[in-house]
Amino acid sequence: GRSEKGYRLYGMVEVQRLQSILSLQQLGFALEDIRQVLDHEEYSLPNVLKMHIRRVEDQIREQELLLSRLRSISEHCNRGTVPSINEVIDTIKMMKMHEKYYTEEQLGSLKKRREALGQEGMQKAQEDWTELNSAFRNAMENGLDPADEKVQVLVSRMAELIQAFTGGDPEVERSLGRMYQEEGPEQASRGAVDKTLFEYIGKARAASGSQ
């Protein structure tokens with residue numbers, strides 16, 4: 001009902017319903033879900049709760065991924081050099097690509113290894129990979145057979161770096177390999193390895209019996 005001035009009048013039933021609506025809203029329920037729960041006794045509240053729990057879990061995962069990205073970019077800024085917008089975009093693309101190929105558990109393990117290495121350790125690892133890729137390229141351009149002993153030394157060094165990156169987890173290594181195969185070496189390595197060099201390294205690893 002309404003008063004003479006048009007104000008809506010609430011009885012006890014309406015007040016209780018409003019309190020129920022507000023309580024369910026505080027749990028994040030959409031108004032349509034609230035209406036179904038309150039208007040239909042046969043409407044399964046347990047099912048609504050399960051759906052809502054899944055929805056909140058998905059939101060939490062998305063927020064955790066966002067937080068991880070923000071922290072990573074913040075770490076770059078804290079190193080003394082503010083990244084350009086293009087560098088930020090490239091970093092986000094790389095993070096999303098990793099999220100596509102690595103499981104949550106694998107991403108957590110990789111994060112722990114990064115934290116254990118620290119800033120200097122991560123910088124050293126990057127330099128090691130740059131040096132190794134350069135050595136492979138020199139061998140390729142000089143026409144060395146992939147099975148050549150000098151190239152096989154590089155394959156052994158690569159195995160060591162992969163071991164350090166994956167922590168010896170074969171599943172992480174498979175995820176890494178799948179990312180390179182599906183995204184392409186240039187995209188997966190952020191331009192460090194092109195298709196020709198990737199194929200040469202693949203032949204060298206095959207010659208040593210590496211997968």
Side-chain angles (χ1 to χ4, degrees), residues 60-140 150-195 197-202 204-206 208-211:
I60 290 173
R61 279 192 290 271
E62 290 175 1
Q63 291 300 308
E64 287 177 340
L65 290 175
L66 173 59
L67 179 59
S68 176
R69 293 172 188 166
L70 290 171
R71 282 176 172 165
S72 179
I73 294 170
S74 178
E75 287 173 5
H76 284 294
C77 294
N78 292 336
R79 292 171 189 169
T81 56
V82 179
S84 67
I85 187 62
N86 288 333
E87 290 174 327
V88 171
I89 292 173
D90 286 342
T91 299
I92 294 172
K93 287 181 179 178
M94 179 58 66
M95 291 177 185
K96 292 181 71 174
M97 187 164 57
H98 282 188
E99 292 158 9
K100 177 181 177 181
Y101 290 99
Y102 296 111
T103 65
E104 288 185 43
E105 183 178 355
Q106 290 172 348
L107 288 171
S109 297
L110 293 173
K111 180 182 178 182
K112 288 180 180 178
R113 278 193 285 282
R114 287 197 303 271
E115 292 173 346
L117 284 173
Q119 183 177 330
E120 292 184 3
M122 287 295 296
Q123 181 65 32
K124 178 63 167 56
Q126 185 175 352
E127 291 172 355
D128 288 342
W129 275 107
T130 300
E131 181 180 335
L132 179 64
N133 289 330
S134 178
F136 268 119
R137 186 173 296 281
N138 287 336
M140 180 182 68
K150 293 180 180 178
V151 180
Q152 290 304 304
V153 171
L154 300 180
V155 172
S156 297
R157 177 57 177 151
M158 171 174 272
E160 293 173 0
L161 292 180
I162 291 176
Q163 169 80 14
F165 174 76
T166 64
D169 187 333
E171 292 300 323
V172 174
E173 185 169 350
R174 274 192 280 273
S175 296
L176 175 65
R178 190 162 63 91
M179 182 174 70
Y180 268 77
Q181 289 293 338
E182 296 183 11
E183 297 293 332
E186 292 190 48
Q187 182 72 14
S189 69
R190 300 180 74 172
V193 178
D194 57 30
K195 183 178 180 180
L197 181 58
F198 183 69
E199 291 175 351
Y200 180 80
I201 294 174
R205 296 186 71 194
S208 72
S210 301
Q211 298 297 320

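Note: hydrogens, waters and symmetry copies are ignored here, and every other heavy atom, side chains too, is used. None of these values were measured; they are calculated from a predicted model.
- For Glu127 and Lys124, the salt-bridge test fails: no basic side-chain N is under 4.0 Å from an acidic carboxylate O.
- From Glu171, atom CD reaches atom CG of Leu176 across 12.5 Å, with rounding to the nearest 0.5 Å.
- Without hydrogens or angle criteria, Arg114 side chain to Met122 main chain gives no donor-acceptor distance under 3.5 Å.
- One finds the CE atom of Met94 at 7.0 Å from the CD atom of Gln187 (value rounded to the nearest 0.5 Å).
- Counted within 6.0 Å of CD on Glu131, heavy atoms from surrounding residues, nucleotides or ligands total 12 or fewer; the atom is thus considered open.
- The CD atom of Glu199 sits 10.0 Å away from atom CE of Met140, with the distance rounded to the nearest 0.5 Å.
- Of all the heavy atoms in Met179 and Tyr101, the pair that sits closest is CG-CD1, 3.6 Å.
- When side chains are defined from C-beta on, Glu120 does not count as touching Gln123, because their heavy atoms never get closer than 4.5 Å.
- Across every non-hydrogen atom of Gln152 and Ala204, the tightest pair is NE2-O, 3.0 Å.
- Of the residues Ile201, Val193, Asp194, Leu132, the one that meets the side-chain contact (heavy atoms from CB on, under 4.5 Å) test with Arg137 is Asp194.
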For the pair Glu115 and Lys112, evaluate salt bridge (Lys or Arg N to Asp or Glu O under 4.0 Å) and give the outcome as yes or no after the intermediate values. CA-CA 5 Å; Glu115 292 173 346; Lys112 288 180 180 178; over 6 Å; no
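- Partners of Lys96 under the side-chain hydrogen bond (donor to acceptor under 3.5 Å, both in side chains) rule, at least two apart in sequence or in another chain, do not exist in this structure.
- With rounding to the nearest 0.5 angstrom, the CZ atom of Arg190 is 8.5 Å from the CE atom of Met97.
- For Thr166 against Arg113, the heavy-atom pair with the smallest separation is O-NH2, 3.0 Å.
- The nearest pair of heavy atoms linking Phe136 to Met158 is CE1-CE, 3.9 Å.
- At distances below 3.5 Å, not a single donor-acceptor pair connects side-chain atoms of Arg205 with backbone N or O atoms of Val155.
- Taking a cutoff of 4.0 Å between a charged side-chain nitrogen and a carboxylate oxygen, Lys100 and Glu182 do not qualify as a salt bridge.
- In plain terms, the two heavy atoms of Leu197 and Asn133 that are nearest each other are CD2-O, 4.0 Å.
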